[in-house]
Amino acid sequence: MNRTVVRTEDLWKVYPQEPKPVEAVRGVSLEIQAGEFVAMAGPSGSGKTTVLNLLGGLTRPTRGRIWIGEDEITALSDRELARLRLESIGFVFQAFNLLPVLTALENAEFTLLLRGVPAEERHRRVRELFALIGLDGLEDRKPGKLSGGQQQRVAVARAVIGEPALVLADEPTANLDTATGAALLEVMERLNHENGVTFLFSTHDPRVMERAHRLIHLVDGSVESDVAQGVRGGVGHDR
Amino acid sequence: MTDSSIWWRIAWRNLWRNRRRTAITASALAFGFFVSVFMIGVADGIVDSMVEDGTRIVTGQIQVHDPGYRPERSLHSTLGGRDGVDVSAFLDRIGEVGGVTGAAPRVYGGGLLSSGEETVAAGFMGVDPLLEPGVSGILAAVTEGRAPRPGAREVAIGSEMARKLGVGAGAELVLVVPAADGSMGNDLYTVSGVFRTGLPGLDAFQAVVPIDVFQDLLALEPNRIHEIGIDLRSASAARDVATEMEVVLSSLGVEVAVEPWTVFRRELYEYVSMASAANSIIVFIVFAMAIFGVANTMLMATYERRREFAVVRALGGTPGSVARTVVFEGIVLGVVSLIAGALITAPVMMWVHAHPIDLSGFTDEIRAAGSVMRPLIQVAYSVKGPLISSVALLLTSLFAALYPAFRAVRVPPADALAGR
């Protein structure tokens, strides 16, 4: 039985700007089921990052409602949102955004640490995950001593280590070369496949779009199409 | 429950991301600590010196009287009244009290001293020449001749008095005083020596005679004294010792007033209190200047890390955890600065303590609040200076971090992640 991880209802984000307000997101309604591997594509300025920020509770919608699991996040306080992000949402950023003063292991275990997981368990889980995604032996390196691909894999590890209901990835392969981007995508696919992690990522990259099980096209802040492409995922439909 | 060690770790490592900036900021705080401790040490040194010199010249640091003796200082108000006291028993009991280094009996009277045609008014202090040096420095201040000997009709007079009378050591003076029996006591005394304390009033008016012959002149029995002057190991302990002494002496069955120098040298005490207040102002000014520099540096560092704060928020960190990274960084900076400051300050303090800076080439003895100070800059060791300065430094770094922390909390995560 499918379980809805994300649901939005007539989502709008308008930035007040002179001379005319900018409508970054216009009436987006979508549902994502647990275990889906969803790509959100669209040209620059189509509202992909804004949608991800809205779903992650990093910015509040001008209008509309968002549910993550059972929680309607548009009604939560900043503190409750922080708790929800900690327990239910993982983020992967285009620019990696690892904390530069922490080692790879410390970055990856960060969310577990915020949750108060004991050190021994944190380290065990990170080492297991690092082995799975090809980062073993790099635990003590600071981000500055890692390649772009390695940094992004640490960022993915950080996003999934707490087994969140949803991972939001904002153009995760954009700063990587082709081979590294493909390898990272493989890692994310494997985590989706083997661990059932739900991914929603924004992308420009046609190869990434091809490998998504469901592809949502955004144009000018609205969903232009929402198509199921693979074996996994829920309903897909053209708009 | 979040393990707070991560925030300390982040704070510590963040501090060393820009080593030069941290070194400059920590140096400013460390220098502020040094200035604060040094200035308090110098001020305490001056105060200690004033109290030491101001009480050592003549008064002692505690005095024991008959309760009615001050302020009139009547000739008849001797300890134990007309019956007097067992002076030796008093001295023995006083010697048993912790912190006491010396005690000596005294008798006072006022009268005239004449030499030929010259006559001056004088305050006479009858002292035990053997015990008095353990309490006051007046006999040690004799610069010409020597101190009077016990049982001898000898007098030591101040240098200004000697000048007025036109006499020196070996001269003979007629001493006239109203005695306790209503008669006028008078006798011929030899000037054994001339003292110079540096205090104009004392040098012009005071004369010191052996207590036994002076009691005889005043028609007072040997067990009738006006005062016991007491010297202590530490002048700052005077109030506590006086309280304890009052209890000890009450067992002798004689009602007495035990007063520390803070009571009978009120002007000196007020001066010392004022100096302590000035210390607080020094500390406040030093660290008030530092706080703006530190806050500015931390604000810059905070601005550079907007994206990292946004990442922490995105990963589930609360606004409080973002504030904590900044505040902890301020505290860590404070501790590092404190260690650096202590390493700079300790050797300088030790050196100046061991080698006081001599200003005698620039100025003569300094007189203030009835005290004479040597022209030396000497720092006093105390727990107070480093303690106050440490607390001030840590509070400075903490307060300097508060506004940057407030700004860090208000970073909008989505905007900061987008580089806006």
Side-chain angles (χ1 to χ4, degrees), chain A residues 13 15 24 49-61 77-103 106-119 122 142-144 155 158-159 161-162 164 167-168 170, chain B residues 1-19 21-22 298 301-326 328-330 332-333 336 405-420:
Chain A
K13 181 68 183 179
Y15 293 105
T49 299
T50 307
V51 169
L52 292 181
N53 285 339
L54 287 167
L55 297 182
L58 295 180
T59 187
R60 290 184 184 271
S77 67
D78 281 355
R79 204 176 172 79
E80 290 166 330
L81 271 176
R83 171 55 59 182
L84 179 92
R85 280 196 293 270
L86 181 60
E87 289 175 351
S88 306
I89 301 172
F91 275 97
V92 180
F93 306 97
Q94 180 182 337
F96 322 139
N97 283 340
L98 297 177
L99 296 174
V101 293
L102 300 183
T103 64
E106 288 166 338
N107 266 292
E109 69 172 5
F110 193 76
T111 56
L112 296 182
L113 210 140
L114 292 182
R115 288 189 200 178
V117 175
R122 290 198 312 260
K142 296 263 180 72
R158 181 176 67 183
I161 191 78
V167 173
L168 301 170
D170 189 10
Chain B
M1 189 71 186
T2 308
D3 180 359
S4 66
S5 69
I6 185 69
W7 306 116
W8 289 112
R9 224 179 308 159
I10 289 175
W12 171 256
R13 292 181 194 171
N14 270 330
L15 207 57
W16 303 110
R17 281 167 79 171
N18 192 329
R19 286 168 192 270
R21 185 163 61 196
T22 299
M298 292 201 68
T302 303
Y303 191 77
E304 287 167 7
R305 295 210 300 273
R306 277 166 56 87
R307 185 184 283 261
E308 289 166 35
F309 298 134
V311 170
V312 170
R313 296 288 302 278
L315 296 177
T318 58
S321 40
V322 169
R324 229 180 307 174
T325 59
V326 180
F328 282 12
E329 196 173 322
V332 172
L333 176 67
V336 168
F406 171 73
R407 293 299 298 262
V409 166
R410 289 172 63 90
V411 167
D415 286 355
L417 287 167
R420 287 193 288 269

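Throughout, a chain's letter reflects where its sequence line sits, starting with A, and its residues are numbered from 1. Excluded from the calculations below are hydrogen atoms, water molecules and symmetry mates; all remaining heavy atoms, backbone and side chain alike, are included.
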Could you measure the distance from the CG atom of B:Leu417 to the OG1 atom of A:Thr49? Nearest 0.5 Å is fine. 10.0 Å
As an exercise, state the distance from CD1 of B:Ile10 to CD of A:Glu106, rounded to the nearest 0.5 Å. 8.5 Å
Other residues, nucleotides and ligands only: do more than 12 of their heavy atoms fall within 6.0 Å of [atom1] on [X]?
X: A:Arg79; atom1: CZ; result: no
X: A:Arg83; atom1: CZ; result: no
X: B:Tyr303; atom1: OH; result: no
X: B:Arg407; atom1: CZ; result: no

What part of [X] is in contact with chain B, defined as an atom under 4.5 angstrom from a non-hydrogen atom: side chain, backbone, both or neither?
X: A:Glu87; value: neither
X: A:Ala95; value: side chain
X: A:Asn97; value: both

Locate the shortest heavy-atom distance separating [X] from [Y]; write the atom from each residue and the value.
X: A:Leu114; Y: B:Gly316; value: CD1-C, 3.9 Å
X: B:Gly317; Y: A:Ala82; value: O-CB, 3.7 Å
X: B:Ala314; Y: A:Phe91; value: O-CD1, 3.2 Å

Top residue by heavy-atom pair count (under 4.5 Å) with chain B, among A:Ser88, A:Pro100, A:Gly56? A:Pro100
If you count heavy-atom pairs under 4.5 Å between each of A:Val101, A:Thr59, A:Leu98 and chain B, which one has the most?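 Among A:Val101, A:Thr59, A:Leu98, the one with the most close pairs to chain B is A:Val101.
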Does the side chain to side chain contact (heavy atoms under 4.5 Å, CB included) test come out yes or no for A:Leu86 and B:Thr318, once each step is laid out? CA-CA 9 Å; A:Leu86 181 60; B:Thr318 58; over 6 Å; no
Output yes when a side-chain donor or acceptor of A:Arg85 lies under 3.5 Å from a complementary backbone atom of B:Arg313, and no otherwise. yes
Does the side chain to side chain contact (heavy atoms under 4.5 Å, CB included) test come out yes or no for A:Leu102 and B:Arg13, once each step is laid out? CA-CA 8 Å; A:Leu102 300 183; B:Arg13 292 181 194 171; 3.8 Å; yes
Between B:Val311 and A:Arg158, is a side chain to side chain contact (heavy atoms under 4.5 Å, CB included) present by the stated rule, with each step listed? CA-CA 11 Å; B:Val311 170; A:Arg158 181 176 67 183; 3.8 Å; yes
